[in-house]
There are 2 protein chains.
Amino acid sequence: MIEPPGRRERKKAATRQKIADTALDLFLERGYDVVGIRDVAAEADVAVTTVFAHFASKEALVFERDQDFEQRLTRAVTDRPPQEPLIPALQREVQALVRHCTAEGSAPVRRMIEGSPALREYEESMSLRLAQALAGVLAADPRLSRSATACRATARFVIDAYALACWADDPEATVDEVFRMIDAAWQATAP
Amino acid sequence: MIEPPGRRERKKAATRQKIADTALDLFLERGYDVVGIRDVAAEADVAVTTVFAHFASKEALVFERDQDFEQRLTRAVTDRPPQEPLIPALQREVQALVRHCTAEGSAPVRRMIEGSPALREYEESMSLRLAQALAGVLAADPRLSRSATACRATARFVIDAYALACWADDPEATVDEVFRMIDAAWQATAP
DNA sequence: TGCGAAACTCTAACCGTTAGGGTTACCGTC
DNA sequence: GACGGTAACCCTAACGGTTAGAGTTTCGCA
């Protein structure tokens, strides 16, 4: 099924990777806001337009690592075992995502995000998209049958847990504590 | 105590007001993204730099109306009667804020916000600031004595209720429903 | 009256982003 | 193996938000 990609696709992927790597290196080395897109393009030896052919914005260069969060979260809901309750399944997945974000090597990147309002805003807007996707699968799950409002609220609460934990001193404990609240909130929506 | 402001301050306020009014008029009339800052400045008969002396960004021109949300929310917590429980007090205030945002005259503005990703992102980032301020007063309230995490989570949940209701078909019912969830979540944090 | 400062002005740029249009390199087909 | 289509890439030039710098007007106050 999986054909080995042709030269064309390999070159494209290589270009994308090189841009992302170069950008992150430059950002970490000199600072996010003193490095311009033109610098990144020059260092990666591509045209500025090529950068924007691969990435929608300067901020997107920083968050390439967590592209698949949306899929992971929605699958945690749709692919959970038949009798598995919703909240613990979500909690496990959020723990995994948070671990990924607060891993050893991610510390400099997180410090960089913390220091740039533009990056923090971008992360928030990603979270919003995440919450909307999650609300969608919650509303569609026949095992749940909750109101659209309950689904949307729960989705946002879950993303809140993720966002809070990413910046907390003790991420794992934060997820647990917030999910205790989410569980209570979810029970309160039982039809 | 309150001195009548001198000519200087009155002129400054008038300039600010004129810029905001002109901007909103132009935005609603021609569309947010086809109207540039230079257009606004020209129509208001001021320099572009003056616009930015009064407003931090183009988006801020649209949201001048709800500057005091932060103060209103925090006061709803700190100024509530001695024995008044937290959640209903917050719920009332959120209802008021939502009513303000979904009032008759606000419809065109909300449609404009809906149509512009930049404006929606800006609104989200304002919400984040709101949640942080709220978390602060919750943590400081001696009547509550909950963990910092519980305060932060609750604050975000409350802002979620506000954000969801602003875009819901039935804002008032949405606030009520989400606050039923928030109440359950908050009870679950009792020490 | 005159001084200091705040409000405002103009000019000229910086930076992210995009449109337009051209070149190269790969892929599938005859 | 030549060949046409097209995806990836390039360059130039611009647009629009935003800011620095430096000058001018207007106000408040001594």
Side-chain angles (χ1 to χ4, degrees), chain A residues 2-20 22-24 26-27 30-64 112 116-123 125, chain B residues 2-20 22-24 26-27 30-64 112-113 115-123 125:
Chain A
I2 299 170
E3 293 296 320
R7 200 198 322 272
R8 201 178 216 160
E9 290 181 49
R10 267 183 292 118
K11 281 197 173 182
K12 183 179 180 181
T15 301
R16 181 189 172 87
Q17 194 63 42
K18 181 165 187 191
I19 293 170
T22 305
L24 208 51
L26 286 184
F27 291 161
R30 304 186 200 162
Y32 178 74
D33 23 343
V34 320
V35 174
I37 288 288
R38 289 160 177 91
D39 300 326
V40 173
E43 184 80 14
D45 200 27
V46 294
V48 170
T49 41
T50 302
V51 176
F52 285 105
H54 286 274
F55 300 92
S57 68
K58 186 186 181 187
E59 293 91 43
L61 286 165
V62 174
F63 291 95
E64 214 221 340
M112 181 173 85
S116 160
L119 288 176
R120 268 176 295 147
E121 270 199 40
Y122 186 82
E123 197 179 26
S125 81
Chain B
I2 298 170
E3 293 297 319
R7 200 200 319 273
R8 199 173 216 163
E9 290 180 49
R10 266 183 292 119
K11 281 198 174 183
K12 183 178 181 182
T15 302
R16 182 190 173 88
Q17 194 62 42
K18 182 166 187 190
I19 293 171
T22 305
L24 209 52
L26 285 184
F27 290 161
R30 306 187 199 160
Y32 178 73
D33 22 345
V34 319
V35 174
I37 287 288
R38 290 162 177 89
D39 300 326
V40 173
E43 184 79 14
D45 199 27
V46 294
V48 171
T49 40
T50 301
V51 175
F52 285 105
H54 286 274
F55 300 92
S57 68
K58 186 187 182 187
E59 293 91 45
L61 286 165
V62 173
F63 291 95
E64 216 222 338
M112 181 172 86
I113 296 169
S116 160
L119 288 176
R120 267 176 296 147
E121 270 200 40
Y122 186 83
E123 197 179 26
S125 81

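Below, chains carry the letters A, B, ... as their sequence lines are ordered, and counting in each starts from 1.
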(request) From the options C:dC10, C:dT17, D:dC10, select the nucleotide whose nearest atom is closest to the side chain of A:Thr50. (result) D:dC10
(request) To the nearest Å, give me how far apart CZ (A:Arg38) and C1' (C:dC14) are. (result) 8 Å
(request) Check every strand shown and say whether A:Val48 touches a base, only sugar-phosphate, or nothing at a heavy-atom separation below 4.0 Å. (result) base
(request) Nearest 0.5 Å please: distance from the NZ atom of A:Lys58 over to the OG atom of A:Ser116. (result) 7.5 Å
(request) Find the distance between CG (A:Leu26) and OH (A:Tyr32) and round it off to the nearest 0.5 Å. (result) 12.5 Å
(request) For B:Glu9 and for B:Ala56, find the nucleotide of DNA chain D with the closest heavy atom, then tell me which residue's nucleotide is more 5'. (result) B:Ala56
(message) Whether A:Thr49 contacts C:dA19 is assessed here as follows: a side-chain N or O lying under 4.0 Å from the phosphate OP1 or OP2. Is that the case?
(response) no
(request) Starting from P on D:dT18, measure out to NZ on B:Lys58 and report it in whole angstrom. (result) 8 Å
(request) Give the nucleotide from the list D:dG28, C:dT9, C:dC26 with an atom nearest to the side chain of B:Val46. (result) C:dT9
(message) Need one value for A:Val34: base, sugar-phosphate or nothing, where a base atom within 4.0 Å counts as base even if backbone is also close, heavy atoms only.
(response) nothing
(request) Spell out, as yes or no, whether a donor-acceptor pair under 3.5 Å connects the side chain of B:Thr50 to the backbone of B:Val46. (result) no
(message) How long is the straight-line distance from CG of B:Leu61 back to CZ of B:Phe63, given to the nearest 0.5 Å?
(response) 11.0 Å
(request) Send over the distance from A:Tyr122 OH to C:dT17 C1', rounded to a whole Å. (result) 14 Å
(message) Check the phosphate of C:dA7 against B:Lys11, side-chain N and O only, distance under 4.0 Å to OP1 or OP2. Yes or no?
(response) no
(request) Report yes if at least one side-chain N or O of A:His54 is closer than 4.0 Å to OP1 or OP2 of D:dC9; otherwise report no. (result) yes
(request) Give a yes/no on whether any side-chain N or O of A:Arg7 is located under 4.0 angstrom from OP1 or OP2 of C:dC26. (result) yes
(request) Check every atom of C:dA13, C:dC8, C:dA5 against the side chain of B:Arg8 and return the nucleotide holding the closest atom. (result) C:dA5
(message) What is the separation between atom CD1 on A:Ile37 and atom P on C:dC15, rounded to the nearest whole Å?
(response) 12 Å
(message) Output the rounded distance in Å from NZ (A:Lys18) to C1' (D:dC9).
(response) 14 Å
(message) If we ignore hydrogens and angles and just use 3.5 Å, is the side chain of A:Arg16 paired with the main-chain N or O of A:His54 as donor and acceptor?
(response) yes
(message) Expressed as a whole number of angstroms, how long is the span from A:Arg16:CZ to D:dA8:C1'?
(response) 14 Å
(message) Taking any heavy-atom pair under 4.0 Å as a contact, classify A:Asp45: base, sugar-phosphate, or nothing.
(response) sugar-phosphate
(request) Report the distance from atom CG of A:Asp39 to atom C1' of C:dT17, rounded to the nearest whole Å. (result) 16 Å
(request) Nearest whole angstrom, please: distance from the P of C:dA12 to the CZ of B:Phe52. (result) 19 Å
